[in-house]
Amino acid sequence: GGWQRVLSSQGMGVMGYALPAAIAASLQRPDQHVVAIAGDGGVQMTIGELATAMQMRCRLILVVFVNTILGRVHFGFEGVSGDDIISPDFVALARAYGGDGVRVTSADEADAAVDAAWAYKGGDDGRGVFVVEVHTDPELKAEYAKMKDASPFVAQVREALADVLPTDLRPSDIRKLIAFDVHGDGMLSSEELNAARAALSRLRRDQGDPSELLRVLRTGQLFKSPMLSSIKTLLEPLEPSPFVLRDGPGGGAGTELHVVGTTSNVLRGHVPDHLRSQVFDATPYRAGFEMAALEDMDGLGEMCLCDGVVYVRETNSARPDFFTTRHASSFLTPAALLVPKAALVDHTVVMDRVLAPDGVPFVRVINDLYNSVKAPFVFTGEVEWYTCDVTCMSKAPNKGESLSACLPSYYTQPGTVLHDTRTFVCGAVTRTATSSSALDQELFNRVFFHDLTKADSSAAAISASIGTDCQVQCHVHVITYSASGAELADVWHVNPDSLVKYLKLDLFRVASIRVLDE
């Protein structure tokens, strides 16, 4: 009886998750039975961890369904080959590691196998690994079971937004909507629910098919739309504020940003002829972001620039280093924002860990910083994240096709959530409002995501479509650090549902914009 905790990699597309996750669960709850369920293909990715389970004296039951095929490949794709596999004797393998097990070849043997697994005491300490090897028909397709989620947030969103959400949402899908929790209290206020409703309603109208909304939510692409890159109506800042803002040598006078092209070039898959071969030098710049290529536009990918070096995610699938991050001192680009090394810092901001021991939602960081600066600005520096939800384009947007019409083909590589990680960061913040300045409008139209269905939409049109007069917009790229922490590694685009542990940033007010390609 009682509640049972379920850990699942469902929707992540991984193999080999079950056994390591079960070991971790057993170490965290050593007095409880832990049951891992896996297929024979997936479990063989990490089957050597049986040694770890025995060494750490885990109390673990491993149920392996043996059908000698990679089921997700076999049933998920047409015309595949090479999905048949050879599996070992898992019972003998368990015994070789010092555990035990039983084999099930018919339904009649199932109850006795379960009883034996539950009664197994292992060593003198009553712990050990017991494997239940269950043989199944390779043509029998197993469907996902629906799992309940009793969290208040999931229950609240299901009830309040049922009319605008797809009916087949999983709890993990709903939890992504925590991006609307600007207050950071783990629930959505009436204001935040209204913002979520407005954004989802507009997206659903634009997409037409509810299943398409579900797809972009699960892949993280929903958070790259103008509806969710906006950080809702400005809220009052936290009090006391966890952010210590100090004036820098620039004194608030602002700096001249350099830009190339516009983000609408990316969204329309358009590289202007004059930018296909124009090379830009990275060395005069301290920071920057958006899209770039190193040799030619076939490798055009997401970019972040740090201290005169440009880092680009390679998108040319013909290259052996496809989807890795490369770096150089020069680049090609259809859209980029650049901060000159000569720019003077207007403000520095540091986060007080004492006032925010549990972290601060990224959307709250942007909201409060804009409340303090009250002007469009660019920020660079370092951020430590509890969780950093990221995605990255995997296909060059250079063929003249709209991203909104064929978004899945541009994001074939999965995004991820980075845990307890440190990154270099570069981003820009502005606002859209009927009363916003010409500079706000220009920065938005050059650097931020336009409405994906209307490549020439303006800041005012975006604001009107959301139904509010003032939206804070933030567009951010990060570069992770290598395992040693000494070198920069991979470029990512940050999604709003991320949680900041600590930050130290330089802020540059935007005084003017210099267009380099005109």
Side-chain angles (χ1 to χ4, degrees), residues 1-68 70-72 85-105 109-136 142 144-145 147-151 171-172 175 386-387 416-421 483:
W3 289 101
Q4 297 183 39
R5 178 73 180 272
V6 177
L7 305 178
S8 172
S9 64
Q10 181 174 330
M12 297 180 186
V14 301
M15 296 177 70
Y17 170 87
L19 181 54
I23 293 171
S26 181
L27 294 176
Q28 186 68 22
R29 299 287 189 270
D31 295 328
Q32 298 182 18
H33 269 104
V34 175
V35 180
I37 301 174
D40 53 340
V43 78
Q44 288 188 77
M45 297 290 176
T46 53
I47 194 64
E49 297 306 323
L50 282 175
T52 303
M54 292 299 300
Q55 180 177 341
M56 302 306 295
R57 306 306 302 157
C58 295
R59 180 182 290 178
L60 179 61
I61 299 171
L62 174 61
V63 181
V64 182
F65 288 96
V66 178
N67 60 2
T68 65
L70 299 176
R72 295 304 303 234
I85 61 173
I86 295 175
S87 294
D89 182 332
F90 289 102
V91 174
L93 191 60
R95 290 169 180 164
Y97 278 110
D100 203 355
V102 65
R103 183 173 294 105
V104 176
T105 57
E109 300 170 349
D111 287 344
V114 172
D115 291 342
W118 221 250
Y120 180 67
K121 298 301 182 183
D124 295 338
D125 57 1
R127 305 178 188 280
V129 176
F130 192 92
V131 170
V132 180
E133 181 182 299
V134 182
H135 287 255
T136 64
Y144 276 132
M147 291 186 289
K148 295 181 180 179
D149 190 303
S151 71
S172 59
R175 284 194 292 272
Y386 279 116
T387 58
T416 189
V417 178
L418 307 172
H419 294 271
D420 294 313
T421 191

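In this text the structure is predicted, and so the values were computed from the model without any measurement. All residue numbers in this chain count up from 1 along the given sequence.
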Within-4.5 Å side-chain heavy-atom neighbours: [X] and [Y]:
X: Tyr120; Y: Ile61; result: no
X: Phe90; Y: Val43; result: yes
X: Arg103; Y: Val66; result: no

Distance in Å, [X] [atom1] paired with [Y] [atom2], rounded so as to fall on 0.5 Å steps:
X: Ile47; Y: Leu19; atom1: CD1; atom2: CG; value: 6.0 Å
X: Ile23; Y: Thr46; atom1: CD1; atom2: OG1; value: 7.5 Å
X: Arg127; Y: His33; atom1: CZ; atom2: NE2; value: 9.5 Å
X: Leu27; Y: Met56; atom1: CG; atom2: CE; value: 5.0 Å
X: Lys121; Y: Asp100; atom1: NZ; atom2: CG; value: 14.0 Å

If I compare all heavy atoms of [X] with all of [Y], which pair ends up nearest, and what's the gap?
X: Ala53; Y: Leu60; answer: CB-CD2, 4.1 Å
X: Gln44; Y: Ser87; answer: NE2-OG, 3.3 Å
X: Ala113; Y: Phe130; answer: O-CE2, 4.4 Å
X: Ala36; Y: Ala18; answer: CB-O, 4.0 Å
X: Val91; Y: Glu133; answer: N-OE1, 3.5 Å
X: Val132; Y: Ala117; answer: CG2-CB, 3.9 Å

For [X], look at atom [atom1] and say whether over 12 heavy atoms of other residues, nucleotides or ligands are found less than 6.0 Å away.
X: Glu109; atom1: CD; result: yes
X: Tyr97; atom1: OH; result: yes
X: Arg95; atom1: CZ; result: yes

Taking [X] for the side chain and [Y] for the main chain, is one N or O donor matched with an acceptor at less than 3.5 Å?
X: Gln28; Y: Ala24; result: no
X: Arg59; Y: Ser26; result: no
X: Asn67; Y: Thr136; result: no

